**Student:** 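Handing you a structure now.
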Amino acid sequence: MEVRIIDGKAISAEIRSELVVKTEKVKKELGVVPGLSVIMVGDDPASAVYVRNKEKACAELGFRSELYKLSADVSEVEIAELIDRLNADSNVHGILIQLPLPRGINSKELINRILPEKDVDAFNPYNIGLISTGNYGFLPCTPAGIIELLSRSGIGIAGKRCVIIGRSNIVGKPMAMLMLNADATVTVCHSKTRDLASICREADILISAVGKAGFVTADMVKEGAVVIDVGMNRNAEGTLCGDVDFAAVAPKTSYITPVPGGVGPMTITMLMRNTLYSAVHSCGAEGYSKYI
Ligand code: NAP
């Protein structure tokens with residue numbers, strides 16, 4: 001069977017060029033410049049890379065972006081006050097807190113403090129509730145990126161058996177909601193799942209979000225399945241890799257995402273789409289759907 005590698009970099013670039021055009025239109029016709037504010041606490045090197053990539057994406061699309069870099073010993077109250085200021089600022093359409101936060105800071109409380117209409121990560125319980133009822137506002141970025149990868153690769157979802165490994169609030173659970181809303185039959189697996197391999201072998205679409213290199217092996221994959229690898233791990237040589245044993249699994253699949261260059265590039269692109277969506281909504285524009 002011919003294996004097709006899903007090129008997340010190319011699909012992400014295609015969506016970004018569409019977003020550039022849409023942003024121009026929004027600026028011209030609605031007079032609003034999408035604005036994203038990022039709060040980063042401490043100096044975790046991985047977080048610094050993510051934040052830099054978000055700033056670059058904003059520049060590429062013509063968004064306004066601002067970074068609040070706070071020292072690791074900042075108090076929760078100070079962060080809360082900053083969130084309140086950004087909530088009240090009409091130039092700010094998206095607020096995100098770069099996770100993880102240093103120990104001792106309650107990230108849940110702070111995330112919940114971001115107004116739902118500025119919660120471009122879609123982590124606030126209000127937005128999670130909307131996603132669960134299929135009544136979308138913001139879409140969770142990584143799962144939404146995966147839906148785009150599938151649809152832009154011409155892979156149908158309706159009626160398919162989808163198995164998701166991982167049940168985190170950021171990836172596994174919202175992914176299950178989006179696949180369910182797209183009419184897949186969904187099974188969510190986790191560390192207590194019994195006979196994981198045989199459940200995975202039933203999947204037409206297998207999505208792995210575990211965080212362990214080499215976790216998905218060829219015996220877990222049905223011939224012709226679509227395999228989506230969300231994992232971002234380092235192998236023994238220190239190289240970035242996913243959860244899937246790519247060399248062994250790819251020949252059995254019809255489509256597979258590589259790591260790097262698969263799901264990863266889509267996440268920030270979806271964050272940008274959410275920020276544009278928020279900016280358009282902030283205008284209360286009639287017929288806003290023509291802008292996004
Ligand atoms: P997480 O919160 O650590 O969740 C991992 C999930 O894997 C948990 O639900 C856990 O089950 C499950 N798991 C662990 N060991 C297992 C096993 N032996 N069998 C079955 N399930 C097992 O991680 P996450 O935040 O969802 O992220 C997952 C991976 O995706 C990480 O590598 C992360 O870096 C990556 N990621 C990538 C992107 C991107 O943009 N590409 C975005 C987000 C995350 P329990 O719930 O039972 O513990």
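Index from 1, following the sequence. Just so it is clear, the model here is predicted, and its values are computed rather than measured. Counting starts at 1 for both ligands and their atoms, following the listed order. Any value given below was found using the heavy atoms of this structure, including those in side chains, with hydrogens, waters and symmetry copies removed.
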**Student:** With distance as the sole test, does Asp243 use its side chain to make a donor-acceptor pair with the main-chain N or O of Ala213 at under 3.5 Å?
**Tutor:**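 Side chain of Asp243 to backbone of Ala213: no pair is present.
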
**Student:** Which ligand 1 atoms does Val171 reach within 4.0 Å, using its non-hydrogen atoms?
**Tutor:**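 Once the distances to Val171 are compared, the set is 26 (O), 43 (C), 44 (C).
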
**Student:** Out of all atoms in ligand 1, which are within 4.0 Å of some heavy atom of Thr267? Include the element for each.
**Tutor:**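 Counting atoms of ligand 1 from 1, those under 4.0 Å from Thr267 are 39 (C), 40 (O).
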
**Student:** Among protein heavy atoms, which sits nearest to atom 13 (N) of ligand 1, and what does the distance come to when rounded to 0.1 Å?
**Tutor:**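 Ranking protein heavy atoms by distance from atom 13 (N) of ligand 1, first comes Val210 CG1, 3.8 Å.
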
**Student:** Measure from the side-chain N and O atoms of Asn127 to the backbone N and O of Pro116, and report whether any donor-acceptor pair falls under 3.5 Å.
**Tutor:**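 Here the side-chain-to-backbone pair exists.
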
**Student:** So if I count the atoms of ligand 1 from 1 in the order they appear, which ones are less than 4.0 Å from some heavy atom of Gly166?
**Tutor:**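 Those of ligand 1 that fall under 4.0 Å from Gly166 are 6 (C), 7 (O), 9 (O).
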
**Student:** Hey, looking at atom 28 (C) of ligand 1, which of Ser168, Gly242, Ser191, Ala209 has the closest heavy atom?
**Tutor:**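 Among Ser168, Gly242, Ser191, Ala209, the closest heavy atom to atom 28 (C) of ligand 1 comes from Ala209.
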
**Student:** Among protein heavy atoms, which sits nearest to atom 8 (C) of ligand 1, and what does the distance come to when rounded to 0.1 Å?
**Tutor:**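 So the nearest neighbour among protein heavy atoms is Arg167 N, 4.0 Å.
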
**Student:** Of all heavy-atom pairs between Asp7 and Ala10, which one has the smallest distance, and what is that distance?
**Tutor:**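 For Asp7 versus Ala10, the nearest heavy atoms are OD1-N, 3.0 Å.
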
**Student:** Would Cys189 count as a polar contact of ligand 1, with the cut-off being nitrogen or oxygen pairs under 3.5 Å?
**Tutor:**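 In this structure, Cys189 places no N or O atom under 3.5 Å from an N or O of ligand 1.
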
**Student:** Given that the side chain starts at C-beta and the backbone is N, CA, C, O, which of these parts of Val230 lies under 4.0 Å from ligand 1, counting heavy atoms, or is it both or neither?
**Tutor:**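 It is both backbone and side chain that touch ligand 1.
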
**Student:** Would you confirm whether Arg113, through its side chain, and Ile83, through its main-chain N or O, come within 3.5 Å as a donor-acceptor pair?
**Tutor:**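 Such a contact is absent between Arg113 side chain and Ile83 backbone.
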
**Student:** Ser12 pairs by side-chain contact (heavy atoms from CB on, under 4.5 Å) with which of Met272, Met270, Met266?
**Tutor:**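 One option only clears the test, and that one is Met266.
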
**Student:** Short question: side chain of Lys54, backbone of Ile268 - any donor-acceptor pair under 3.5 Å?
**Tutor:**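 Judged by distance alone, no pair lies under 3.5 Å.
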
**Student:** Does Gly264 come within less than 4.0 Å of ligand 1, judged by its heavy atoms?
**Tutor:**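 Gly264 counts as a contact of ligand 1 under the 4.0 Å cut-off.
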
**Student:** Which of the numbered atoms in ligand 1 are below 4.0 angstrom from a heavy atom of Asn233?
**Tutor:**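 By the 4.0 Å cutoff, the relevant atoms are 32 (O).
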
**Student:** If the threshold is 4.0 Å, N to carboxylate O, is there a salt bridge linking Arg152 and Glu18?
**Tutor:**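 Answer for the salt bridge query: yes.
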
**Student:** What part of Met266 sits under 4.0 Å from ligand 1 if we count only heavy atoms: the side chain, the backbone, both or neither?
**Tutor:**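 Met266 to ligand 1: no contact under 4.0 Å from either part.
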
**Student:** State whether a side-chain donor-acceptor pair under 3.5 Å links Asn181 with Tyr136.
**Tutor:**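 Indeed, the side chains of Asn181 and Tyr136 share at least one donor-acceptor pair under 3.5 Å.
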
**Student:** For atom 33 (C) of ligand 1, what is the closest protein heavy atom, and at what distance to 0.1 Å?
**Tutor:**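 Closest protein heavy atom to atom 33 (C) of ligand 1: Met232 N, 4.2 Å.
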
**Student:** Would you mind checking which non-hydrogen protein atom is closest to atom 21 (N) of ligand 1, with the distance to 0.1 Å?
**Tutor:**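 The protein heavy atom lying closest is His190 C, 3.1 Å.
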
**Student:** When you measure from atom 19 (N) of ligand 1 to every protein heavy atom, which one gives the shortest distance, and what is it?
**Tutor:**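 For atom 19 (N) of ligand 1, the nearest protein heavy atom is Phe215 CZ, 3.3 Å.
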
**Student:** I need the contact type for Thr193 against ligand 1. Using non-hydrogen atoms and a strict under-4.0 Å cut-off, is it side chain, backbone, both or neither?
**Tutor:**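 No part of Thr193 is near ligand 1 at this cut-off.
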
**Student:** Closest non-hydrogen protein atom to atom 42 (C) of ligand 1, residue and atom name please, with distance?
**Tutor:**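 Result: Thr142 OG1, 3.3 Å.
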
**Student:** State the atoms of ligand 1, each with its element, that fall below the 4.0 Å cut-off from a heavy-atom position in Gly211.
**Tutor:**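 Close to Gly211: 29 (C), 31 (C), 32 (O).
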
**Student:** Just checking, is any N or O donor in the side chain of Ser71 or Asp73 under 3.5 Å from an acceptor N or O on the other one?
**Tutor:**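 Yes, because at least one side-chain N or O of Ser71 sits under 3.5 Å from a partner of the opposite role on Asp73.
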
**Student:** Counting non-hydrogen protein atoms only, what is the nearest one to atom 15 (N) of ligand 1? Give residue, atom name and distance.
**Tutor:**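 Answer for atom 15 (N) of ligand 1: Lys212 NZ, 3.0 Å.
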
**Student:** Would you please test Glu202 and Lys222 for salt bridge (charged side-chain N to carboxylate O under 4.0 Å, His left out) and show each step?
**Tutor:** CA-CA 7 Å; Glu202 291 173 12; Lys222 180 169 79 176; over 6 Å; no

**Student:** For Glu148, is there an ion pair with Arg273 - N to carboxylate O distance below 4.0 angstrom?
**Tutor:**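 Salt bridge present between Arg273 and Glu148.
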
**Student:** Do Phe63 and His93 pass the side chain to side chain contact (heavy atoms under 4.5 Å, CB included) test, and can you show the C-alpha distance, the side-chain angles, and the key distance before you say yes or no?
**Tutor:** CA-CA 10 Å; Phe63 289 11; His93 305 104; over 6 Å; no

**Student:** Report yes or no: does Gly231 have a heavy atom closer than 4.0 Å to ligand 1?
**Tutor:**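 In this structure, Gly231 qualifies as a contact of ligand 1 - some heavy atom is under 4.0 Å.
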
